[in-house]
Amino acid sequence: MTVVEPNAAPMTADGDGTMPALPGDAAMVEDDAMTRSGADTVADPGAAAGNGGGGVGTAVEDWLAGQTPTGARIPITPIPIPDRPVLPVRMRQVSGCYRSPAGGFQLELRVDVDGRRPLKKLSGDYFSASGATLGYFGSWTVDGVTTSVSNGALVAVGTARCTWPTTYTVARVTIPRRTVFQAPAPATIQWCTPSGAVGATYVCAPAGTAMRVVELEQDVEAGVTPFASYDTGSLTSGGPARTLTAATAYGEAGIQVLDTGGTTTLATAAGHVWNNASLHGAMTAHFSRWQERAQFKVWLLHAQRHELGTGLRGIMFDQQGLQRQGCASFYQVIQAGTPQNLREQLYVAVHELGHCFNLFHSFHKSFMTPPLPNRPGSLSWMNYPQNYNPGGGAPSGAAAFWGAFPFQFDDLELAHLRHGFRDNVIMGGTPFGSGAALEMPAQPPDPVSDTSGLRLRLRTSPARPVLGTPVVLELELTVDRGQLVHPAELLHPKYGIVQVTISRPKGDTVVHRPPVLHCAEPELVAARPGQVLPASAYIGYDAAVGQVFEDPGTYRIRATYTAPDGSVVVSDSAMVRVWGAGGAEDGAVAELLLGDEVGMAMTLLGSDAPSLATGMESLQEIAEEHGDHPDAVYARLALGINAARPYTAVAPDGSVAVRDRDLDRADALLQPAIDASRGRDGLDDLTLLQVMGYLARSHAAEGDRHGARELRRDAGRLAADKQLPDAALTVLDEGEDG
């Protein structure tokens with residue numbers, strides 16, 4: 001008989017590794033209780049519990065010990081019987097991880113019924129054994145269990161959700177109670193159907209008190225003192241005072257973080273500034289434990305500064321394919337060892353690693369897959385302190401958050417970390433936001449009422465894209481009455497304050513996942529009545545689905561903006577029709593632009609990373625071989641911006657090689673793109689100003705102040721001719737000199 005799913009009624013053939021009948025318990029020889037799935041164990045849970053010290057319970061442990069590589073017995077320390085009454089002996093908690101022997105299926109079982117913040121849940125992952133290898137099969141979770149103590153054993157019963165079809169959904173876990181002076185007992189789980197038909201049974205040895213274990217590899221940039229620890233009693237806060245590291249913060253959540261050691265210092269020069277392309281390349285080149293598979297391993301870079309400025313605190317890297325592998329924190333304004341800075345260093349590290357575990361911001365839970373209500377009042381690592389708003393007139397904002405923050409995840413996030421299906425949690429598993437303590441939401445609903453005084457408008461550029469054309473979303477936030485809002489640059493979806501959904505002609509809806517998630521602590525701006533805040537964003541490439549606009553047809557786009565007071569402003573729909581290729585050249589350019597590496601290269605506006613070399617070669621081919629095609633402007637944009645900035649390549653030993661700006665190449669690529677965009681064609685207006693501002697700053701950085709001033713003046717004249725809002729000119733003010 002072949003077992004096709006691990007919970008099913010087990011095999012009965014002799015010689016298949018089935019657990020032998022246990023002495024002294026006639027019930028154990030019943031066929032339904034003596035069989036198992038694959039080579040995993042079988043035992044009646046109630047009988048296996050015994051009294052925790054002999055009989056059938058001992059027989060289970062004898063069998064289990066014989067399956068271990070060493071054949072060592074699990075020691076049982078007898079409790080001495082005193083001559084006079086003594087105080088009760090404290091019992092060992094049973095929550096933690098348990099693992100069955102590797103057979104047809106191996107089960108990793110998680111029990112969460114006592115100890116720190118028990119959630120009254122069970123969960124597990126199955127691995128199918130083949131020779132000396134194990135492959136992931138599926139996961140299950142019991143969302144709520146009923147517990148009792150019977151014959152000296154804890155019994156937990158509940159109905160499971162599974163990632164595969166099965167009728168065996170009722171789980172019964174039995175764990176003999178032990179004192180703190182005794183070794184932990186094994187856990188026995190028996191499956192059955194709701195009608196009572198018996199399925200497989202597994203005996204699982206204790207594997208530690210942590211629900212999951214993850215390896216953390218950390219590197220540090222030269223000149224940065226990486227975060228070590230913070231005493232939560234240093235400043236007023238909620239919860240007990242204790243000393244926390246990033247690892248112990250996750251340890252309190254039931255996740256053991258193992259620092260792999262061997263921290264490497266990246267030998268950058270003083271004043272070095274990171275950009276997304278260099279950071280992405282550093283991660284793919286320098287994360288020594290990275291592999292082309294899902295694994296509980298993650299990379300954290302402690303860096304000094306990013307070109308996006310002091311407001312950016314951290315980045316979680318994301319990309320098509322394996323995602324959520326690594327992150328970076330930036331110390332530019334939190335380097336000093338004051339209590340406030342140490343507190344924020346801890347917060348940033350835990351927060352960014354939380355994204356790698358597939359946790360969304362507290363105020364964006366509605367955009368997860370499946371969606372949950374937003375929780376702006378959550379006192380969680382995943383909230384923004386400045387966004388904290390418990391409602392009901394209670395104090396809100398950063399001061400209120402820090403004063404009440406207990407330095408922990410909220411219960412739903414805790415459930416995800418401990419009991420989320422493996423692929424939804426593990427680095428390199430499902431795309432960011434899918435299964436994140438949380439199926440694809442529909443377009444955002446129209447609000448019943450909206451008195452926010454804010455309006456969000458959308459349009460796409462170009463107006464008539466053909467297949468392969470990079471689609472840019474132009475947003476405008478209009479303020480009808482004066483109030484605090486986020487600055488225009490933070491309306492880009494990569495900051496998470498604006499969320500975009502796209503209904504595609506194939507019938508699905510994409511919640512746009514920017515390939516790099518930025519976590520910033522912005523200063524809000526006081527907008528005057530009638531002020532318009534513009535932003536533009538390339539949305540053609542998505543971390544979850546790759547190329548978004550990959551088919552001809554009509555696409556419907558909506559967006560939501562989460563205001564500082566928690567208001568969710570929903571835009572009208574923007575409709576864009578993608579036309580099919582009109583000829584051989586259209587088809588050739590479309591084929592080049594629709595590659596995944598091109599999508600990531602467009603997102604990063606170019607890169608020297610070897611992992612994106614094919615994408616950059618495709619863009620170069622468009623610029624050289626199809627220079628007159630309308631879409632060549634986008635190839636020149638990515639190639640030119642990449643040439644206009646330095647690129648930091650990181651070697652495995654931590655040494656760095658910085659490729660300097662090539663302004664001659666940048667000018668040769670970007671000036672034709674600028675000229676092609678002066679009218680109605682080419683780049684959208686805001687992107688055009690951003691390109692001119694970036695190129696001006698690059699010239700200024702190389703000492704060419706005259707060239708920088710001329711570019712800014714030209715951009716100012718263009719903005720006036722196009723009647724762009726004043727806020728659009730902020731992209732020209734940055735780095736102004738002389």
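In what follows, residues are counted from 1 in the order of the sequence shown. All values derive from a computational prediction rather than experimental measurement.
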Considering only NZ, NE, NH1 and NH2 on the basic side and carboxylate oxygens on the acidic side, decide whether [X] and [Y] come within less than 4.0 Å.
| X | Y | value |
| --- | --- | --- |
| E702 | R661 | yes |
| K506 | D551 | yes |
| D685 | R678 | no |
| E352 | R313 | no |

Might you point out which heavy atoms bring [X] and [Y] nearest each other, and give the distance in Å?
| X | Y | answer |
| --- | --- | --- |
| A535 | L686 | CA-CD2, 3.3 Å |
| G281 | A609 | CA-CB, 3.9 Å |
| V545 | D542 | N-OD2, 3.1 Å |
| S677 | V633 | OG-CG2, 4.2 Å |
| M316 | C356 | CG-SG, 3.6 Å |
| H492 | A537 | NE2-CB, 3.4 Å |

Quick one: does [X]'s side chain have a donor or acceptor within less than 3.5 Å of a partner on [Y]'s backbone?
| X | Y | value |
| --- | --- | --- |
| N642 | A601 | no |
| S573 | R558 | no |
| N358 | N424 | yes |
| K722 | G679 | yes |
| T469 | V466 | yes |
| T263 | D219 | no |
| S655 | A651 | no |
| Q335 | Q304 | no |
| R324 | V425 | yes |
| E476 | P534 | no |

Under the side-chain contact (heavy atoms from CB on, under 4.5 Å) criterion, do L594 and L467 qualify, and how do the steps go? CA-CA 9 Å; L594 287 175; L467 190 64; 4.1 Å; yes
Using a cut-off of 6.0 Å, state whether more than 12 heavy atoms not belonging to E591 lie near its atom CD. no
Using side-chain contact (heavy atoms from CB on, under 4.5 Å) as the criterion, point out the one residue from [options] that pairs with [X].
| X | options | result |
| --- | --- | --- |
| Y561 | L533, V570, V485 | V485 |
| L711 | D667, L670, L695, D704 | L695 |
| L473 | D684, V576, L458 | L458 |

Please list, chain by chain and in numerical order, all residues satisfying ring pair (Phe, Tyr, Trp, His ring centres under 6.0 Å) with F330, sequence neighbours excluded. H306
What pairs with Y647 under ring pair (Phe, Tyr, Trp, His ring centres under 6.0 Å), at least two apart in sequence or on another chain? none
Looking at side-chain heavy atoms only, is the closest gap between [X] and [Y] below 4.5 Å?
| X | Y | value |
| --- | --- | --- |
| N276 | E307 | no |
| E221 | H272 | yes |
| L475 | R457 | no |
| R709 | H706 | yes |

Is R305 close enough and on-axis enough to W274, meaning under 6.0 Å and within 45°, for cation-pi? no
Six-ring centre of Y555, R577 cation under 6.0 angstrom, axis tolerance 45°: no
Please confirm whether the ring centroid of H361 lies under 6.0 Å from the ring centroid of H355. yes
Can the ring centres of H302 and F227 be said to be less than 6.0 Å apart? no
Are L683 and V472 close enough, and set up right, to give a side-chain contact (heavy atoms from CB on, under 4.5 Å), and what steps lead you there? CA-CA 9 Å; L683 304 173; V472 173; over 6 Å; no
